[in-house]
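For reference, the structure is listed below as structure tokens.
In this text, all values refer to a predicted model and were calculated from it rather than measured experimentally.
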Amino acid sequence: VLGVHGIRAAALQLFDGGGRAPERLAFTTAAALAVFASFSLWRLPASYSEPMLGDSTAAFAYIDANLRPGDRVMATEPHPHAALLETGQADYDLAVPILFDFAFRKDGVLIDRNGSAEVVGKLGKLQEICAENDRLWIAINREKFRNRGKNLRWEYPGARIDLFLRQNAELKFRGYLWHVYLWDAGAGKFANFRREPREWLE
């Protein structure tokens, strides 16, 4: 209502002379149509089928459909339990930074409380896991993996792991807020992050 009143007031201010009613009417009509069009009402019907949250089910369903014997599955915190439900296994929990509310120590190893997955909290550990496994599926929830609205600097653990995945793993699936990477030792993608055996560059 205030917008319509503003359009009317602008029309009166611009065309204050007598006998200029057609110009005022044309300006007011055009402005009102512009305001109405800015609502994008034609996009409403299609929005009913759009997900409001990240679709973890589709990401893990893709992994499950392409899982081979011996493959490992990693998911970002707090989704290892979803990986366990959808794929039948949750081997690693990528928590950057580590949220100790979701983890406990068992036999000297941090374990995720929900999916019993081993917690990976730094790049060196991820590099070591990649070196030990032939194939590793990594499901990344972008909403949790990085702080939205903030620039990620190289010092941030999430940015360094993100760069490592982009350089060394292949993006296999992309959904709303979800990316699925595949580390495949046989693909020949292995950036020079290793100088000597087990000398990981943090």
Side-chain angles (χ1 to χ4, degrees), residues 54 56 59-60 62-64 66-84 86-147 150-175 177-202:
S56 62
F60 291 119
Y62 179 85
I63 294 175
D64 186 50
N66 295 278
L67 205 58
R68 297 180 188 169
D71 285 3
R72 301 289 187 172
V73 177
M74 176 183 290
T76 48
E77 186 67 51
H79 299 284
H81 67 284
L84 184 61
E86 298 293 337
T87 68
Q89 66 183 89
D91 302 293
Y92 302 105
D93 171 20
L94 185 59
V96 182
I98 295 176
L99 303 175
F100 290 97
D101 294 344
F102 295 99
F104 69 97
R105 194 167 296 280
K106 180 180 180 183
D107 299 327
V109 179
L110 274 179
I111 302 294
D112 172 67
R113 291 181 182 274
N114 299 321
S116 297
E118 182 180 348
V119 175
V120 178
K122 59 182 182 177
L123 178 58
K125 182 65 176 176
L126 176 59
Q127 293 170 339
E128 185 175 350
I129 289 169
C130 287
E132 292 173 352
N133 293 285
D134 290 333
R135 283 168 51 99
L136 172 68
W137 293 94
I138 304 131
I140 301 294
N141 181 358
R142 292 289 175 189
E143 187 176 25
K144 304 294 183 185
F145 190 60
R146 57 175 60 189
N147 293 327
K150 294 183 180 179
N151 292 327
L152 282 176
R153 299 170 56 190
W154 174 251
E155 296 88 344
Y156 293 174
R160 302 184 70 200
I161 288 178
D162 190 34
L163 177 63
F164 172 78
L165 291 175
R166 289 172 187 260
Q167 289 180 337
N168 296 282
E170 185 179 356
L171 180 63
K172 290 291 193 177
F173 173 86
R174 179 183 297 162
L177 294 178
W178 279 90
H179 286 178
V180 174
Y181 290 93
L182 173 64
W183 154 258
D184 188 349
K189 288 189 172 184
F190 205 70
N192 293 325
F193 61 76
R194 184 171 55 183
R195 294 174 179 167
E196 297 293 338
R198 302 189 66 80
E199 184 182 337
W200 312 107
L201 300 183
E202 286 288 338

Working for side chain to side chain contact (heavy atoms under 4.5 Å, CB included), residues Glu170 and Asp184: CA-CA 8 Å; Glu170 185 179 356; Asp184 188 349; over 6 Å; no
Straight-line distance of Ile63 CD1 to Asp71 CG, nearest 0.5 Å: 10.0 Å
Side chains of Leu126 and Leu165 in contact at under 4.5 Å (non-hydrogen atoms): yes
Minimum-distance pair of heavy atoms, taken over all atoms of Ile140 and Thr76: CD1-CG2, 3.6 Å
Heavy-atom side-chain contact between Cys130 and Leu136 under 4.5 Å: yes
Between CZ on residue Arg72 and CG on residue Leu67, distance to nearest 0.5 Å: 10.5 Å
Nearest-0.5 Å distance, CG of residue Leu84 to CZ of residue Phe60: 10.0 Å
Contacts of type side-chain contact (heavy atoms from CB on, under 4.5 Å), residue Asn66, not counting sequence neighbours: Tyr62, Trp137
Side chain proximity check, Met74 to Leu94, heavy atoms < 4.5 angstrom: yes
Residue pairs, two or more places apart or on separate chains, that pass salt bridge (charged side-chain N to carboxylate O under 4.0 Å, His left out) and touch residues 106-121: Glu118-Lys125
His79 and His81 aromatic ring geometry - parallel, tilted or perpendicular at 30°/60° bounds: parallel
Gap between atom CD1 of Ile138 and atom CG of Leu182 - 0.5 Å precision: 7.5 Å
Beyond-backbone contact of Ile129 with Trp183, side-chain heavy atoms, under 4.5 angstrom: no
Gap between atom CG of Asn168 and atom CG of Leu163 - 0.5 Å precision: 8.5 Å
Shortest non-hydrogen contact from Ala117 toward Pro80: CB-CB, 4.1 Å
Polar side-chain atom of Asp91 near backbone of Val73 as donor-acceptor pair, under 3.5 Å: yes
Between CD on residue Gln127 and CZ on residue Phe164, distance to nearest 0.5 Å: 5.5 Å
